[in-house]
S.K.: 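I have a structure I would like to understand better, so I am pasting it below and will then ask my questions one at a time.
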Amino acid sequence: MDGTDIPVSQRDEDAQWNYDHTDDDFYYGYGCCVVTAANNIPIAAAFTPGKKVDQETAMRVTRDALAVETPRWMVGDSEFDMLNWHHTIHGVLMIR
């Protein structure tokens, strides 16, 4: 799971200025939360107002990804505590 920025032209009135802490710079555009499988093949994604996503959006994208196939492992960037995330998702799936 990873978040990325999608810079666009300032003519796009729906976009907004966002701060990308990894680049320590601002950009005008959107964000994208994406879950990939082996070889970086995307299996679920959500476009967001900015690169940083809230937990609700990340959970929704994760659930979409898990609908494809039960993962054997989970890797994420530093934005999320992946061990806690795994336990939370596993608990949600057990409830279903």
Side-chain angles (χ1 to χ4, degrees):
M1 178 189 324
D2 195 16
T4 189
D5 57 73
I6 312 287
V8 298
S9 165
Q10 291 184 23
R11 292 179 292 188
D12 184 339
E13 296 176 4
D14 294 326
Q16 61 188 23
W17 282 102
N18 292 286
Y19 180 72
D20 183 347
H21 67 278
T22 56
D23 289 337
D24 193 25
D25 199 9
F26 289 90
Y27 71 94
Y28 188 80
Y30 302 95
C32 182
C33 178
V34 63
V35 177
T36 61
N39 301 318
N40 291 325
I41 299 170
I43 55 175
F47 289 99
T48 57
K51 180 177 177 179
K52 187 167 179 66
V53 298
D54 58 34
Q55 186 169 348
E56 180 181 328
T57 302
M59 184 68 75
R60 181 173 43 83
V61 174
T62 302
R63 283 188 187 125
D64 290 349
L66 293 175
V68 175
E69 182 180 335
T70 302
R72 295 195 174 122
W73 41 264
M74 296 180 81
V75 177
D77 67 10
S78 62
E79 188 169 344
F80 302 102
D81 176 348
M82 291 312 294
L83 184 58
N84 183 41
W85 198 257
H86 176 269
H87 294 319
T88 301
I89 291 297
H90 183 68
V92 168
L93 292 175
M94 295 298 285
I95 293 170
R96 287 183 180 179

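Residue numbers count from 1 along this sequence. Here the structure is a predicted model, which is why all the values come from computation and not from measurement.
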S.K.: What's the shortest heavy-atom distance between Asp5 and Pro7, and which atoms?
M.R.: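 In this case the closest contact between Asp5 and Pro7 is OD1-CD, 3.3 Å.
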
S.K.: Is Val34 isolated, or which residues cluster with it under the ILVMFWY side-chain rule of less than 4.5 Å, directly or via members?
M.R.: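 Noted: Val34 shares its cluster with no other residue.
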
S.K.: If you look at every heavy atom in Ala44 and Val61, which pair is closest and at what distance?
M.R.: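 That would be CB-O, 3.6 Å.
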
S.K.: Can you give me the closest heavy-atom contact between Cys33 and Val53, atom names plus distance?
M.R.: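 Closest pair (atom of Cys33, atom of Val53, distance): CB-CG1, 3.8 Å.
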
S.K.: Tell me, please, which residues at least two apart from Asp20 pass salt bridge (Lys or Arg N to Asp or Glu O under 4.0 Å).
M.R.: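 Here the qualifying residues are Lys51.
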
S.K.: For Tyr19 versus Tyr27, what's the shortest heavy-atom pair and its separation?
M.R.: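 Looking at all heavy atoms of both residues, the shortest contact is C-CE2, 4.4 Å.
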
S.K.: Determine whether a donor-acceptor pair (N or O, by modelled atom type, separation under 3.5 Å) exists between the side chain of Asn18 and the backbone of Pro49.
M.R.: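 Yes, Asn18 side chain to Pro49 backbone: donor-acceptor pair under 3.5 Å.
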
S.K.: Tell me the salt bridge (charged side-chain N to carboxylate O under 4.0 Å, His left out) pairs involving residues 21-39, sequence neighbours left out?
M.R.: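 Qualifying pairs: none.
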
S.K.: Between atom CZ of Arg63 and atom CG of Leu66, what is the distance when rounded to the nearest 0.5 Å?
M.R.: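 One finds 9.5 Å between CZ of Arg63 and CG of Leu66.
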
S.K.: What residue pairs, at least two apart or across chains, pass ring pair (Phe, Tyr, Trp, His ring centres under 6.0 Å) with a residue in residues 28-56?
M.R.: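 Sorted pair list: Trp17-Tyr28.
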
S.K.: With Thr57, which residues qualify under side chain to side chain donor-acceptor pair (under 3.5 Å), at least two apart?
M.R.: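 Counting only residues at least two positions away or on another chain, Thr57 forms a side chain to side chain donor-acceptor pair (under 3.5 Å) with Asp54.
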
